[in-house]
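Just below is one structure, and these are the notes that go with it.
Residue numbers start from 1 in every chain, and the chains themselves are labelled A, B, ... in the order their sequence lines are given, proteins ahead of strands.
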Amino acid sequence: MTPVIDFQRVTKHHGDLTRIDALDLSVSQGEVLALLGHNGAGKTTTMHLILGLIAPDRGSVSVLGGAPAGPHAETLRRRLGYLPENVSFYDQLSGREVLAYFARLKRVARAQVDELLERVGLSSAADRRVKTYSKGMRQRLGLAQALLGEPQLLLLDEPTTGLDPAATRDFYETVRDLRDRGCTVLLSSHVLPGVEPYIDRALILGGGRRLAMGNMAELRAEAQLPLIIHARGSLEGDAWRHGWDDPRIQAVDHKKHGVTFSVPVDAKLAALRHLTADPRVEDIELLPPTLEHLYTHFSARRAPEELGVIS
Amino acid sequence: MKAILTIAGKEFRDGLRNRWVLAIALVLAALAVGIAWFGAAASGGLGFTSLATTLTSLSTLAVFLIPLIALLLAYDAVVGEQEAGTLLLLLTYPLSRTSLLLGKFLGHGLILGVATVLGFGIAGVVVALGAEGVDIAELAGGMGLLILSSVLLGWVFIAFAYLISVSVTEKARAAGLALVVWFLFVLVFDLGLLALLVSVKQGGDWLPWLLLLNPTECFRLINLAGFEAARSVSGVTSIAQGGAFRPAVLIPILFAWILVPLGLAILRFRHRPA
């Protein structure tokens, strides 16, 4: 099956800056891909390339079976939803009017407007001017706008900024719903907590280059980050620091009611056996590296290279 | 095509909502009625004098006001949406940049058209009702030509405003440039031409043709050339007489003055990065 998004060695310059550097990317249908990276890493540029707002200097971009600019654009754009970073609308219009305007432009049935307002929880505020909306409400209106016409591909640039935790969870539930219906979702974020359960793969960008890509298991395998094990119990004394077969297993924190270990992935079971054999241990908690840890790890790996480029 | 109408509809409704239509119509109507009534004040009289004087004064008013109103109405058409962030969204919708600009032109053109017809129309009706000894047919003809040419002049400057709006990235810059354009076409051009007229001693046959390089002069020619009484107030346009300087020729020239900047604006808009 042909991928929904296909980047082949895509390079994009902006003046002297290289926004995207020889990026390969392939996203298949029904996949949720997170684009991660700090400011200027190339997340937004990648989205703009997919949208056909800018053309690559080198390499080729194909979206839903064609180049996003040119003759394919018209059909593509009716099957695509986009929520820009810091979305804004016509302040003088009401939420309903804004959505109705975009629905007409996308040639979508009017009935969808009320349906979507209901879905993002803006029904009661639909007739108020957008000017009076909070940041979160604007963001939800932006999402409703992106969902017009049941798109097959959804691009969401920093979708959860300004949303409270409950609204963020609702938002990700919506994303999961869409994916279950076969919609491909690309979302960029630097707010990592909460996103992990909802994504299939993550692409970590730095300086326009791909630092890492894969699902959580692949990223963990590549990073080889130690996992954290909390052992609770009345573990007194200093003996806990020592006496392990594997020197890589370290007690990083020792409190009265427990010890925290940093354990390499391949030594996980050895450590667990050791701990379960000890009658003083009452409970064991396993914390594999989170997306946030992985992100920090991969971004840091990039840093020395960047310094080298500058000097 | 449907996208063009959707955009035009929104622009026009915005124009009604933020009272542009009402404001322009009221200003034009009030000034026009005032001019019709106090047109003779300079010569010590009061009340309606003659149709020729009134129409001449009205077109002198229009030549200053209409371009200014058109520029103010449309200078932020693109750059305003760019600053607000809505342009980015619009460009990802299934409509071409050409449709976007044409839709806006249709909407803004309609706002200006409706307001001008209302404003000058009201003035015409007031004159027809209130003034004595006016030939209604002549009045209707004169006012009709004034309204038509005013609307065309407005559209010319809306097109100029778009050309500015797609060429800059800041609203403030667009506003500044709009004022420069107004200044050049409405004030400076006249002075330049006058200086040229004085300095060229002989064989200045080609001078009248220079008037066609300025849409506001075309507008003046359309409205003033027909009146004997207008000679005293028509300024430099009085150098053009007869021949090619008839409304039937000048109105197509005004159309060209709409199409050229609008076409350039569309080209620029299509070829610039998002």
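When the candidates A:L51, A:L105, A:L148 are compared by the number of heavy-atom contacts under 4.5 Å with chain B, A:L105 comes out ahead. Comparing B:E81, B:K2, B:R13 by heavy-atom pairs within less than 4.5 Å of chain A, the highest count is held by B:E81. Ranking B:T92, B:L90, B:T6 against chain A, the residue ahead of the rest is B:T92, based on heavy-atom pairs under 4.5 Å.
Looking at A:R78 and B:P94, their side chains come closer than 4.5 Å, going by heavy atoms from C-beta outward. At a threshold of 4.5 Å between non-hydrogen side-chain atoms, the residues A:M137 and A:L122 count as touching.
A donor and an acceptor atom, one from each side chain of B:T98 and B:R270, are located under 3.5 Å apart. Between B:T54 and B:S57, the side chains place no donor N or O within less than 3.5 Å of an acceptor N or O (distance only, hydrogens not considered).
In this structure, A:Y90 and A:F102 have parallel ring planes: the angle between them is below the 30° cut-off, well short of the 60° mark.
For residues 14-31 of chain B, the interface with chain A (any heavy-atom pair closer than 4.5 Å) comprises B:D14, B:R17, sorted by residue number.
Remark: B:R97 is positioned above the aromatic ring of B:F269, its terminal NZ or CZ atom under 6.0 angstrom from the ring centre and at most 45 degrees off the axis.
For an aromatic pair to be called close, the ring centres must be under 6.0 Å apart, and A:Y133 with A:F89 fails this.
Using a 4.5 Å cut-off between heavy atoms, A:E97 contacts chain B through its side chain alone, with no backbone atom that close.
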List the atom pairs, donor and acceptor, that lie under 3.5 Å between side-chain atoms in residues 143-151 of chain B and the rest of the protein, sequence neighbours left out.
from: B:S149; atom 1: OG; to: B:L145; atom 2: O; distance (Å): 2.7
from: B:S149; atom 1: OG; to: B:L146; atom 2: O; distance (Å): 3.1
from: B:S149; atom 1: OG; to: B:N223; atom 2: ND2; distance (Å): 2.9
from: B:S150; atom 1: OG; to: B:L146; atom 2: O; distance (Å): 2.7

